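Because the structure is a prediction, the values reported are computed rather than measured.
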Amino acid sequence: MTTTATRFDGRLLTPGDAGYDTARTVWNAMIDRRPRMIVRAAGVADVVAAVRTARDLDLEIGVRCGGHNAAGFAVPDGGLMIDLAPMGGVRIDPVRRRARVQGGALLGALDRAAQAYGLATTAGNVSHTGVGGLTLGGGMGWLARQYGLACDNVVSYTVVTAEGGVVTASRTENPDLFWGLRGGGGNFGVVTEFEFRLHRTGTRTLVAEFDFRAEDAVPVIEGWRDLNAVAPRQATFTASVDSGPAGPIATLGFVWVGDPAVGRRLLPAMRALGRPVASRVTTPSYLELQQRDDSTGGHAYRRYSKGHYLRRFPTAAIEAFLLRGGTDLSANPNLPGVGLQAHGGAIADVPEADAAFSHRGTMFEFGAGSRWTDPSEDDARMGAARAAGASLEPYASGVYVNSLTADELADGQRGVRRAYSPAKLARLTAVKTAYDPSNVFHLNQNIRPAH
């Protein structure tokens, strides 16, 4: 297939072609943009050709891995979209405990390939998320408290630059780029391969969940928070509040990756927190754990979310968490679901200056999110999620860069300033200026080059 003087080994799609609409669909039905062309890259040469073609034709570039970014950065209206989905291969070296993962691979492919040898690395919580977008922003997952974030486990990156060159980034080769790629997002190029460090995790897990009526939950969450401070690294504490038939329900618990018998030792302390209305203790395999939050109809939903990092979680924050931006503990169907996931452990072991990823002193990551199908609900649903986010903002220390919304990023650099300290943003700006001085890769959580 050709366009101008360029030939691609993969498919070139334009409006009207079979597969075009599927390729431009992402994890948010509110995104309905139409690229001028979509290059479904078959390999590194296609990515190089796509970048050069876009520059020759003065087209914006979007890069699609798993399509989970709800802001829709992957889909440039009238631009050139590089779809890495055909580049989904994973190769495991069980002796060296390494995985080579192509830029379009999904987390599930990495999990399945590594678990065949009892190995794994930090890889999100949803199997159909793209490895690329998750890892470039940092990459939280059930193994992070034991082994660090996804970006902490990257040994090297293969990157197509804004000039259409191909470089390797590691601690010894282009170390400035390696630093920036570990949490700096898609600002510096298109990563076509990741080399990950793997760990002997086994295949067994335990999940414990305890449901409480929201009106009874403040002292329970206080106790859960205090247990988290002394929990083993195999445990990742979780909490959520959602609407139930009889009113809002707060669910507290933990995910344990390792021998379930050892994980069960936490259960007496958890049960002593209060009398739940329901409880569940299950022992899924690691692969089942990684798939339990998957959604087969996800692309049909309209989505909006807000997020924060929290270094502390006092009683006033707990009360705001339970209210979800509302004024009382009602069953308002427009209120978003809210959740917490514990950080700490190996995440905090990494020196703050070691990588672009920031806020390693985080206690919990907070998220408020809604999904719906009726466009007439857009304003109410997004407004409710914003209100929930605003209610926790007084306790926030920053934000995960992958959680930044399009409206936060549209407001100048306010969003990225929440994601990075001034010193890190200055260093990221220097890396951006060195590798992408014309800001070719700007459809992302953009770090602007110096002018």
Side-chain angles (χ1 to χ4, degrees), residues 121-124 133-157 169-188 191 194 196-197 199 228-231 233 236-237 307-313 317 340-367 392-404 408 413-435 444-448 450:
T121 196
T122 306
L134 176 100
T135 304
L136 290 171
M140 183 56 182
W142 301 125
L143 292 171
R145 284 174 42 82
Q146 293 187 65
Y147 303 114
L149 300 164
C151 71
D152 298 329
N153 287 282
V154 178
V155 178
S156 68
Y157 303 82
S170 68
R171 288 197 180 275
T172 58
E173 192 171 356
N174 298 305
D176 56 339
L177 180 58
F178 181 73
W179 180 89
L181 289 168
R182 292 175 60 219
N187 276 282
F188 313 111
V191 178
F194 300 81
F196 285 100
R197 187 179 301 108
H199 308 276
N228 171 74
V230 295
R233 293 185 175 199
T236 301
F237 274 42
H308 299 300
Y309 281 143
L310 309 175
R311 283 180 173 265
R312 57 193 182 94
F313 197 47
L340 297 171
Q341 186 170 0
H343 279 226
I347 302 169
D349 288 345
V350 178
E352 185 69 35
D354 189 66
F357 181 84
S358 300
H359 306 293
R360 289 187 180 271
T362 293
M363 176 187 291
F364 297 114
E365 182 182 355
F366 163 82
L392 269 293
E393 194 157 355
Y395 313 99
S397 55
V399 66
Y400 180 31
V401 69
N402 281 353
S403 295
L404 287 170
E408 287 176 299
Q413 293 283 279
R414 183 177 68 87
V416 294
R417 288 194 184 104
R418 289 189 64 216
Y420 306 107
S421 68
K424 284 201 176 180
L425 190 54
R427 187 171 174 184
L428 284 162
T429 300
V431 177
K432 178 73 169 180
T433 304
Y435 287 91
N444 46 45
Q445 299 87 347
N446 194 228
I447 295 159
R448 296 171 185 166

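A distance of 9.5 Å separates OH of Tyr147 from CG of Asn153, quoted to the nearest 0.5 Å. Expressed to the nearest 0.5 Å, how far CD of Glu365 lies from CG of Leu310 amounts to 9.0 Å. Atoms CZ and CZ, on Phe313 and Phe366 in that order, are 8.5 Å from each other to the nearest 0.5 Å. Taking OG1 from Thr433 and CG from Leu428, the interatomic distance works out to 10.5 Å, rounded to the nearest 0.5 Å.
Minimum heavy-atom separation, Leu404 to Ala419: CD1-CB, 4.4 Å. Heavy atoms only, all atoms of each residue included: Asn187 and Asn446 are closest at OD1-ND2, 3.0 Å. Of all heavy-atom pairs between Leu134 and Gly124, the closest is CD2-N, 3.7 Å. Across every non-hydrogen atom of Phe237 and Ala231, the tightest pair is CE1-CB, 3.6 Å. Residues Ser156 and Val154 come closest through the heavy atom pair O-CG1, 3.4 Å. Residues Arg418 and Gly307 approach most closely at NH2-O, 3.8 Å, considering heavy atoms.
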task: Quick one: do His199 and Leu143 satisfy side-chain contact (heavy atoms from CB on, under 4.5 Å)? Show the steps, please.
output: CA-CA 10 Å; His199 308 276; Leu143 292 171; over 6 Å; no
Working for side-chain contact (heavy atoms from CB on, under 4.5 Å), residues His343 and Phe364: CA-CA 6 Å; His343 279 226; Phe364 297 114; over 6 Å; no
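Evaluation of the side chain to side chain donor-acceptor pair (under 3.5 Å) rule for Arg427 yields no partner, not counting sequence neighbours. For Tyr400, the side chain to side chain donor-acceptor pair (under 3.5 Å) test picks out Asn402, with sequence neighbours left out. In terms of the side chain to side chain donor-acceptor pair (under 3.5 Å) criterion, His359 has no residue partners (sequence neighbours excluded). Gln146 pairs by the side chain to side chain donor-acceptor pair (under 3.5 Å) definition with nothing, not counting sequence neighbours.
With hydrogens and angles ignored, the 3.5 Å screen pairs no side-chain donor or acceptor of Arg311 with any backbone N or O of Ser397. In terms of modelled atom types and a separation under 3.5 Å, the side chain of Thr122 and the main chain of Gly148 share a donor-acceptor contact. Of the possible polar contacts, one joining the Ser170 side chain to the Thr172 backbone as a donor-acceptor pair under 3.5 Å is found. The backbone N or O of Val155 lies less than 3.5 Å from no partner atom in the side chain of Arg197, so there is not a single donor-acceptor pair. Ser358 contributes a side-chain N or O that, together with a main-chain N or O of Ala356, makes up a donor-acceptor pair within less than 3.5 Å.
Proximity of His308 to Val399: side-chain heavy atoms (C-beta onward) are nowhere separated by under 4.5 Å. Counting heavy atoms from C-beta outward, Ile447 and Tyr420 have side chains that approach closer than 4.5 Å. Arg448 has its side chain out of reach of Thr429: every pair of non-hydrogen atoms, C-beta onward, lies at least 4.5 Å apart. Side-chain contact between Leu149 and Met140: present, with at least one pair of heavy atoms (C-beta onward) separated by less than 4.5 Å. Within the 4.5 Å cutoff, the side chain of Arg417 has heavy atoms near those of the Leu425 side chain.
A salt bridge (charged side-chain N to carboxylate O under 4.0 Å, His left out) check over residues 344-353, counting only residues at least two apart or in different chains, returns the pairs Arg233-Asp349, Glu352-Lys424.
Shown are Phe188, Phe196, Tyr435, Phe194; of these, the ring pair (Phe, Tyr, Trp, His ring centres under 6.0 Å) with Tyr157 is made only by Phe194.
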For residues 177-186, dump all side-chain donor-acceptor pairs below 3.5 Å to protein atoms at least two apart in sequence or in another chain.
residue: Trp179; atom: NE1; partner: Ala353; partner atom: O; Å: 3.0
residue: Arg182; atom: NE; partner: Cys151; partner atom: O; Å: 3.2
residue: Arg182; atom: NH1; partner: Asp354; partner atom: O; Å: 3.1
residue: Arg182; atom: NH1; partner: Asp354; partner atom: OD2; Å: 3.0
residue: Arg182; atom: NH2; partner: Asp152; partner atom: OD1; Å: 3.3
residue: Arg182; atom: NH2; partner: Asp354; partner atom: OD2; Å: 3.0

